[in-house]
Structure formats: C-alpha cells, structure tokens
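A single structure is presented below for examination.
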Amino acid sequence: MSRRLARSFFDRPALVVARALLGQRLVHVRNGRRLAGLITETEAYLGEADLASHARPGRTSRNAVMYGPPGFAYVYFTYGMHWCLNIVTEGEGTPTAVLLRAIAPVEGAATMRRLRSNSNRRGGPPPEKHLTDGPAKLTQALGIDGRFNGRDLCAPEARLFVERAGLPRGARVTAGPRVGLNHTPEPWRSQRWNFRLLADGR
DNA sequence: AGCACGATGCTCT
DNA sequence: GAGCATCGTGCTT
C-alpha cells in the first residue's frame with residue numbers, strides 16, 4: 001500500500017491542510033533518485049478575500065492553477081530569480097493553497113547540497129542549517145521550478161508528491177504571522193496562518 | 001540574532 | 001513603473 005497522500009487530504013480548508021502537512025514527507029523522484037524532506041514550515045493562503053494571496057486580483061494566467069482542483073502544484077516565480085511551491089487545497093473554484101516554506105532533508109542530502117551549491121559567491125554548498133530552510137531554498141534543493149506548475153501530486157505516475165509520515169516524537173507546532181507581507185493591510189498581515197514544527201525542547 | 005542592501009525579472013496598474 | 005509569499009552578504013548588537 002502506498003504512503004502517498006490522496007486528494008482527499010488536500011480537499012479540506014487550507015488552514016487544516018497547512019497544519020496537517022507538518023511532519024509529512026515531501027518527495028521528488030529526480031532522475032530515478034529520491035530527494036525527500038520532512039515538512040517543517042507551511043503557510044495558508046485563503047483565496048480572493050485574503051489580501052496577501054496571489055488570488056487577490058481574481059483569476060489571472062499566473063494564479064489559474066489555484067482555481068483548479070486540490071492536490072496540484074502551484075509554482076510561482078518571484079524576486080527575479082526564485083521559485084516557490086504551493087499545494088492547492090479545497091474544491092475547484094476555491095483559490096486556496098498552502099505554501100511550503102521549509103523542510104528538513106531526510107533523503108538525498110548530498111544531491112541537495114549540489115543543487116544549492118551555486119547559490120553563494122564561493123560556489124560551495126551553504127551551511128547545513130540553511131540548506132532547505134526557506135521556500136526558494138527547498139525548491140532549489142529539490143530541483144523544482146516552473147515546469148512543475150500545474151502538476152498533479154496525487155496522480156499515480158507523479159514524481160513529486162507527499163508521503164504520510166509520523167510526527168517526530170516530542171514535536172511541537174507553533175502558529176505565527178505569515179512571512180514577508182510588508183505591504184499587506186490588516187487584519188491579513190497579522191493573521192497567524194504560518195505553522196512551524198519545532199524540534200523537541202524549543 | 002538582527003538589520004540593510006542589491007540582485008533580477010515577472011505581474012498587474 | 002511599482003511591487004514582489006526571497007536569498008546571500010556584510011555589517012552591527
């Protein structure tokens with residue numbers, strides 16, 4: 001039996017999915033090899049009324065995937081050089097999604113270091129602590145870019161998907177404000193829709 | 001640990 | 001043309 005999360009997992013409110021994704025395993029089978037990490041930070045974006053969401057202006061060519069069915073990847077390009085990965089949640093026509101902001105490497109860490117090694121001036125890999133601790137860092141480490149936009153993570157042949165994994169022992173979850181919303185009006189700016197999985201004893 | 005800054009190109013006004 | 005769901009560097013606490 002497969003440990004892959006089914007579409008029904010994502011066919012729930014984005015806030016529920018964002019919390020439920022913590023501790024699950026994000027997997028990309030790249031060139032026949034598994035690159036995988038434990039999801040440690042997520043963020044929920046709640047549709048057109050959420051003034052921090054890319055769905056705010058209504059349906060455009062950029063955000064169209066968010067209007068489709070749940071379980072699909074919404075991958076966007078930002079700041080001239082970075083890709084970020086979301087998973088669409090809830091039913092068709094409801095443009096909600098969860099941004100994956102950080103993972104902890106569990107499989108293929110050597111490949112992740114190589115994929116990240118052109119990110120600094122020295123050309124060497126970044127320190128372990130900063131390998132996959134940001135939304136654009138994890139996409140770079142997993143080899144995810146704009147070609148993945150609109151892919152179905154729940155299809156049987158999917159090479160990008162999420163596997164069910166038990167929460168680490170002693171894991172704690174915290175909720176805080178979403179990151180990087182410097183110009184977003186209240187109350188959206190301060191809503192605690194960012195979720196983090198903390199290692200024990202934090 | 002926490003700022004300020006520049007890189008770089010797409011999206012929507 | 002303004003702003004951006006960011007990152008790495010370099011500097012200050």
Side-chain angles (χ1 to χ4, degrees), chain A residues 10 13-15 17-19 21-22 26 37 39-68 70 72-90 94-105 112-150 174-199 201-202:
Chain A
F10 302 104
L15 284 170
V17 176
R19 269 174 290 224
L21 276 172
L22 291 176
L26 177 65
I39 297 172
T40 55
E41 183 181 353
T42 61
E43 235 163 50
Y45 287 87
L46 300 200
E48 295 179 355
D50 175 3
L51 295 188
S53 170
H54 288 175
R56 175 184 67 224
R59 186 185 186 127
T60 67
S61 60
R62 182 205 206 190
N63 65 25
V65 174
M66 281 203 284
Y67 286 78
F72 282 69
Y74 165 48
V75 180
Y76 68 89
F77 184 70
T78 192
Y79 290 104
M81 59 189 97
H82 299 303
W83 297 100
C84 294
L85 169 65
N86 294 254
I87 305 179
V88 176
T89 56
E90 295 187 82
T94 308
T96 60
V98 173
L99 171 67
L100 303 185
R101 286 196 57 92
I103 61 174
M112 294 186 199
R113 279 191 288 275
R114 183 169 56 75
L115 288 169
R116 291 269 294 126
S117 60
N118 282 335
S119 59
N120 57 19
R121 190 173 300 169
R122 297 196 325 273
E128 202 66 28
K129 181 178 197 256
H130 297 301
L131 190 59
T132 54
D133 67 342
K137 299 178 194 179
L138 75 87
T139 57
Q140 186 176 32
L142 264 50
I144 293 167
D145 59 22
R147 298 178 312 223
F148 289 74
N149 187 44
T174 62
R178 294 175 290 181
V179 175
L181 310 185
N182 299 307
H183 233 237
T184 301
E186 299 291 357
W188 310 107
R189 180 177 174 163
S190 298
Q191 297 283 11
R192 294 158 75 98
W193 293 344
N194 171 292
F195 303 96
R196 297 178 198 234
L197 184 63
L198 300 183
R202 261 316 123 77

*Compare the minimum distances between each of C:dG8, C:dC4, C:dT6 and the side chain of A:His183, then state the nucleotide with the smallest one.*
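The closest nucleotide is C:dC4.
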*Length of the line joining A:His82:NE2 and B:dT11:P, which is rounded to integer Å*: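 After rounding, the reported distance stands at 16 Å.
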*Does A:Ala136 offer a backbone N or O that forms a donor-acceptor pair with the side chain of A:Thr139 under 3.5 Å?*
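Answer holds: yes.
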*Tell me whether the OP1 or OP2 atom of C:dG8 has a side-chain N or O from A:Arg116 closer than 4.0 Å.*
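For C:dG8, OP1/OP2 do have a side-chain N/O of A:Arg116 under 4.0 Å.
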*Go through B:dA7, C:dG8, B:dC12 for me and flag the one nearest to the A:Met81 side chain.*
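Side chain of A:Met81 sits closest to B:dA7.
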_Measure CG/A:Asp145 against P/B:dG9 and give the value in whole Å, please._
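Distance, rounded to whole Å: 16 Å.
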*Starting at CG of A:Asn63 and ending at P of C:dC4, how long is that distance when rounded to a whole Å?*
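One finds 16 Å between P of C:dC4 and CG of A:Asn63, rounded.
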*Given that both distances must come in under 3.5 Å, which nucleotide forms a Watson-Crick or G-U wobble pair with B:dT8?*
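Pair assignment: B:dT8 / none.
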*asked:* Can you tell me if A:Thr78 touches the phosphate of B:dC10, counting only side-chain N or O atoms and a distance under 4.0 Å to OP1 or OP2?
replied: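 Result: no.
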_Under 3.5 Å, is there any donor-acceptor pair linking the side chain of A:Tyr79 to the base of B:dA7?_
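Side chain to base: no pair present.
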_Nucleotide B:dA7, atom P - distance to CG of A:Asn118 in whole Å_ =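 Whole-Å distance recorded here is 19 Å.
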*With distance as the sole test, does A:Arg116 use its side chain to make a donor-acceptor pair with the main-chain N or O of A:Gln140 at under 3.5 Å?*
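Answer holds: no.
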*Roughly, in whole Å, what's the span from CG in A:Asn149 to P in B:dT11?*
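After rounding, the reported distance stands at 10 Å.
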*Between C:dA5 and A:His54, is there an OP1 or OP2 to side-chain N/O distance shorter than 4.0 Å?*
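For A:His54, the contact criterion (side-chain N or O under 4.0 Å from OP1 or OP2 of C:dA5) is met.
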*Classify the ring geometry between A:Trp188 and A:Trp193 as parallel (under 30°), tilted (30 to 60°) or perpendicular (over 60°).*
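Rings of A:Trp188 and A:Trp193: tilted, as their planes differ by 30° to 60°.
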*When you measure from the side chain of A:Arg101, which nucleotide among B:dT13, C:dT9, C:dT6 comes out closest?*
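Selected nucleotide (nearest to the side chain): C:dT6.
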*Base, sugar-phosphate, or nothing: which does A:Thr184 touch, judged by heavy atoms less than 4.0 Å apart?*
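A:Thr184: no heavy atom of the nucleic acid under 4.0 Å.
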*Answer yes or no: is there an ion pair linking A:Arg113 with A:Glu128, defined by an N-O contact shorter than 4.0 Å?*
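Looking at A:Glu128 together with A:Arg113, the answer is yes, because their closest N to O distance falls below 4.0 Å.
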*Would you mind telling me which residue lines up with the more 5' stretch of DNA chain C, A:His130 or A:Leu99, judged by nearest nucleotide?*
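Counting from the 5' end, the first nearest nucleotide belongs to A:Leu99.
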*Is C:dA5 paired to anything, Watson-Crick or G-U wobble with both distances less than 3.5 Å, and if yes, which nucleotide?*
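None - no nucleotide pairs with C:dA5, as no candidate has both distances under 3.5 Å.
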*Write down the distance between CG (A:Asp133) and P (C:dT6), rounded to a whole number of angstrom.*
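Computing the A:Asp133:CG to C:dT6:P distance gives 13 Å.
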_Students often get this wrong, so: under 4.0 angstrom with heavy atoms, is A:Asn182 touching a base, only sugar-phosphate, or nothing?_
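Touches nothing.
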*Quickly work out the A:Arg56 CZ to B:dT11 C1' distance and round it to whole Å.*
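Spelled out: CZ on A:Arg56 to C1' on B:dT11 is 11 Å.
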_Between A:Val17 and A:Ile87, does the side chain to side chain contact (heavy atoms under 4.5 Å, CB included) criterion hold? Intermediate values first, please._
CA-CA 9 Å; A:Val17 176; A:Ile87 305 179; over 6 Å; no
*Among the nucleotides B:dC12, C:dG8, C:dA5, which one has an atom lying closest to any side-chain atom of A:Tyr74?*
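When the side chain of A:Tyr74 is considered, C:dA5 is the closest of B:dC12, C:dG8, C:dA5.
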*Quick one: label A:Ala52 by what it contacts on the DNA or RNA (base, sugar-phosphate, nothing), any heavy atom closer than 4.0 Å.*
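Base: the residue A:Ala52, judged by heavy atoms under 4.0 Å, touches a nucleobase.
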*Spacing of A:Leu138 atom CG relative to C:dA5 atom P, expressed in whole Å*: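 Distance check: A:Leu138 CG to C:dA5 P gives 16 Å.
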*Aromatic rings A:His54 and A:Tyr74: how do their planes relate, parallel, tilted or perpendicular, breaks at 30° and 60°?*
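Taking A:Tyr74 first and then A:His54, their aromatic rings stand perpendicular (interplane angle over 60°).
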*asked:* So A:Leu181, base contact, sugar-phosphate only, or nothing? Heavy-atom distance under 4.0 Å.
replied: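 Since only primed, P, OP1 and OP2 atoms lie under 4.0 Å of A:Leu181, the category is sugar-phosphate.
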